[in-house]
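First the proteins, then the strands, lettered A, B, ... as listed; each starts at 1.
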Number of protein chains: 2
Amino acid sequence: MTEPKTPDDAATPGPVKKPARNGKSSATIYDIAKVTGVNPSTVSRALSKPGRVSAKTLKLIEDAAAELNYQVNPFARALPTGRTSTFGLIVADITNPTFFDIIRGAETTAAVRDYTLVLAESAESAVTELTAARRMMATVDGLILASPRMDDDDIRTLARDKPVVVINREVDGVPCVVPEVNKGIGEAVRSLAANGHRKVAFVAGPAQSWMSARRWDGVQAACEWSRLEAVRLESAKPTVDGGRQVARDVLASGATAVLTYNDLLAIGLMQELQAAGVVVPDQISIVGFDDIFGADFTTPPLTTVRSPLGACGSSAARLLLDLLQGTGEPAGTLRVETELVVRGSSGRLLS
Amino acid sequence: MTEPKTPDDAATPGPVKKPARNGKSSATIYDIAKVTGVNPSTVSRALSKPGRVSAKTLKLIEDAAAELNYQVNPFARALPTGRTSTFGLIVADITNPTFFDIIRGAETTAAVRDYTLVLAESAESAVTELTAARRMMATVDGLILASPRMDDDDIRTLARDKPVVVINREVDGVPCVVPEVNKGIGEAVRSLAANGHRKVAFVAGPAQSWMSARRWDGVQAACEWSRLEAVRLESAKPTVDGGRQVARDVLASGATAVLTYNDLLAIGLMQELQAAGVVVPDQISIVGFDDIFGADFTTPPLTTVRSPLGACGSSAARLLLDLLQGTGEPAGTLRVETELVVRGSSGRLLS
DNA sequence: AATTTTTTGGCCAGCGGTTGCCGCGGCTGG
DNA sequence: CCAGCCGCGGCAACCGCTGGCCAAAAAATT
């Protein structure tokens, strides 16, 4: 009575093992082999080694595969080969719009090349980031680190294991995609100088942020060149809230123009200053970085040094995929340009 | 001469197979078994079947595992079991901030439960969405569909295969997480009525959007209740640009208050109206939906019917994970509340 | 026509875990 | 004192696909 003898019912699965969850498990190369009368390994080759089997059997197998609606089992494939057609992207903060464009760029490029994107966030913490990265390493072919907070050495260690591409930071020996800030900053500072500003403040981002340091360097250099005084202020977090909190320091600094590490800070700062009755840009000019979604919603709309974030994301993905599939390993640093986008939050100083 | 006899060199890998990419491949349960002197199956059980082995050997194995820095190979595990500790999230548009919070909510919940999130986007297309979903099904344990554009039937078909949770839409027989719009809409419409408005327009979203239909229903019902006239307008795309484009229709409609399918539309609409010299909210009130990032950056800040997007994301993930791990299958619809957030873009009609 | 070379397909040993089944030793109970 | 049960560990059969190796068949060469 164990076998109710289902009469014409479709193929009673012999060993009652793992039917995908409902009844019909999906087809395997063995099913195809049985149908076509060839060996499973031939099916495998037909499906993944172009040219390894004769045109005739290839056709035979492809037809059967289509018929059975076969799809490879990625796990079964990954096991012997180690290839997973998957790569990871770790961002510092998922809710930070800066990363939205990066994520989208990477996802789009991945999809085009038939790769799958796995996402994780580090919550701006170096250790969380490293943990996430380690976890991912087991399951992906490569990794993109956007604005990583961990050590250069940790990154290099990771990179020894599988291909890694870094965005928004330059790490020796690891392929990177970094916005070249100097052009945009130069434009911003010159514009400020031309508008009569003499002292500019820079609100820095996270201490571990390589990009924050670059931007500060750039601001200093540009200010020196334009004979402006530059002061550096610290922020607690690179968020709207952080921007609000830094407002009093900005006021205290006596600067008439301020560049902030990112747009979020700029927006928060502007909100707080306006709430305190300061008129932007008449009394103080504000310039952000990145040109995130929403930067043009504010009143006045935010002047900002734009980084092509979406391009960074897709370039990084492309770099990684080339590394993965391709032969040569260029592994250099890819620099993308930045540019000043003048909107309403910066301008001539009135007073 | 095939075996160069490397003397004290660290373990020459016998078969020159697949060293993780550099030299040292990662440890397997076999390595642990060798070190501890037990059978691999015992190691497997120790690591995944709590209580199946004695406390003593468990300790032994755990120590060895820590020592060797062992991590399970997810693929090897997935092969026999079918479980992958992974779930997919498909969103209509990655760049739409509405989804940011959903993504984050889901990612966070996933991480807590040691699951990995795989992300894909459908670009607002039903077919792309279905394709992506099918592809994912092979590699994930379950799927979250945020604002799906495909047929109910397609969704149900998918759901027969693996657990599926839907956000922002109600599909019979599939667990869903939907914001209950009526409360928020009621508040919005009453507030509008109280401010002297008599005719309100609703700018609809994508035709396939279930949520857009719900919102329109809600607006109609609330308007009827408050004895207001409601007209429906169509938008080309549920984006800022779409909002801009619909501005002339809004003006032509003669409505003095407008609710839009989402905040993006509201923002675009407001920008365009203001550019045309219309004063918001004095001449026209605007109310959005969702309360996305940036909704409070505008001038005036946007009044909106907030949906708890982050909560939707994490609830959906929790639902899915419960379904996956848990025993019972509740599979109902989870309703979350919405509320009106009054900011500056709505108010008393002056004229 | 005989031989060498190239195709083409079969065989089989894994990849790293999981799991059903079995057996052994110890504890309990009659 | 012995049967019976339970806890714990070993054995081995997969999961679905890949790839090295080899032999048969086909094509090219002499």
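- A:R83 has its CZ atom 15 Å from the P atom of C:dG16, to the nearest Å.
- Partners of A:T108 by side chain to side chain donor-acceptor pair (under 3.5 Å), not counting sequence neighbours: none found.
- Atoms CG (A:L79) and P (C:dG14) sit 14 Å apart, rounded to a whole Å.
- Protein atom NZ of A:K56 is 10 Å distant from nucleotide atom P of D:dA27, rounded to whole Å.
- Taking only side-chain nitrogens and oxygens, B:Y30 never comes nearer than 4.0 Å to OP1 or OP2 of C:dT18.
- Using modelled atom types, no side-chain atom of B:S44 and backbone atom of B:P40 make a donor-acceptor pair closer than 3.5 Å.
- Pairs passing the ring-ring contact (aromatic ring centres under 6.0 Å, His included) check and including a residue from residues 100-132 of chain A, sequence neighbours excluded, read A:F100-B:F100.
- Taking a 6.0 Å sphere around CZ of A:R134, one finds it holds 12 or fewer heavy atoms contributed by other residues, nucleotides or ligands.
- In terms of modelled atom types and a separation under 3.5 Å, the side chain of B:K162 and the main chain of B:L143 share no donor-acceptor contact.
- Rounded to an integer number of Å, the gap from B:L47 CG to C:dG17 P is 9 Å.
- With rounding to whole Å, A:Y70 atom OH is found 7 Å from D:dG16 atom C1'.
- When the P atom of D:dC17 is taken as reference, atom NZ of A:K34 falls 13 Å away, rounded to whole Å.
- Comparing B:V72 and A:G37, the nucleotide of DNA chain C nearest to each residue sits closer to the 5' end for A:G37.
- The two atoms that bring A:D31 and A:S26 nearest to each other are OD2-O, 4.3 Å, heavy atoms only.
- For the helix from C:dA1-D:dT30 to C:dG30-D:dC1, the axis fitted to the five pairs at one end and the axis fitted to the five pairs at the other end meet at an angle of 40° (nearest 10 degrees).
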Quick one: which protein N/O atoms are closer than 3.5 Å to N/O atoms of nucleotides 5-7 of chain C? Pair and distance per line, please.
none

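- The side chain to side chain donor-acceptor pair (under 3.5 Å) test applied to A:S147 returns A:N168, not counting sequence neighbours.
- To the nearest angstrom, P of C:dT18 lies 6 Å from CD1 of B:I29.
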Determine all donor-acceptor pairs shorter than 3.5 Å in which one atom belongs to a side chain in residues 311-319 of chain A; sequence neighbours excluded.
residue	atom	partner	partner atom	Å
A:S314	OG	A:G310	O	3.2
A:S314	OG	A:A311	O	3.4
A:S315	OG	A:A311	O	2.7

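- Residue-to-nucleotide proximity on DNA chain D shows that, of B:A76 and B:S54, the 5′-proximal contact is made by B:S54.
- For A:S48, no side-chain nitrogen or oxygen approaches OP1 or OP2 of D:dC17 to under 4.0 Å.
- When the side-chain contact (heavy atoms from CB on, under 4.5 Å) test is applied to B:Q208, the partners found at least two apart in sequence or on another chain are B:R149, B:P206.
- Taking B:T86 as the reference, B:T84, B:T116, B:V118, B:V140 meet the side-chain contact (heavy atoms from CB on, under 4.5 Å) condition, with sequence neighbours excluded.
- No side-chain heavy atom of A:V43 sits under 4.5 Å from any side-chain heavy atom of A:Y30.
- Under a 4.0 Å N-O distance rule, the pair B:D152/B:R169 qualifies as a salt bridge.
- For the pair A:K49 and D:dT18, the criterion of a side-chain N or O lying under 4.0 Å from OP1 or OP2 is not met.
- Of the candidate nucleotides C:dG9, D:dG9, D:dG16, C:dG9 has the atom nearest to the side chain of A:V53.
- Shown here are the side-chain contact (heavy atoms from CB on, under 4.5 Å) partners of A:S54, two or more places apart in sequence or in another chain: A:K56, A:T57.
- Residues from residues 38-46 of chain A lying near DNA chain D, meaning a heavy-atom separation below 4.0 Å, are A:S41, A:S44, A:R45 in numerical order.
- Applying the side-chain contact (heavy atoms from CB on, under 4.5 Å) test to B:A123 and every residue at least two apart in sequence or in another chain returns nothing.
- Distance from the side chain of B:T81 is smallest to C:dT19 among C:dT19, C:dG14, C:dG17.
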Under 3.5 Å, which protein N or O atoms sit close to an N or O of nucleotides 24-26 of chain D? Give each pair with its distance.
none

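- Between B:D153 and B:R156, at least one side-chain N (NZ, or NE/NH1/NH2) sits under 4.0 Å from a carboxylate O, which counts as a salt bridge.
- Going from atom CZ of A:F75 over to atom P of D:dC15 covers 17 Å, rounded to whole Å.
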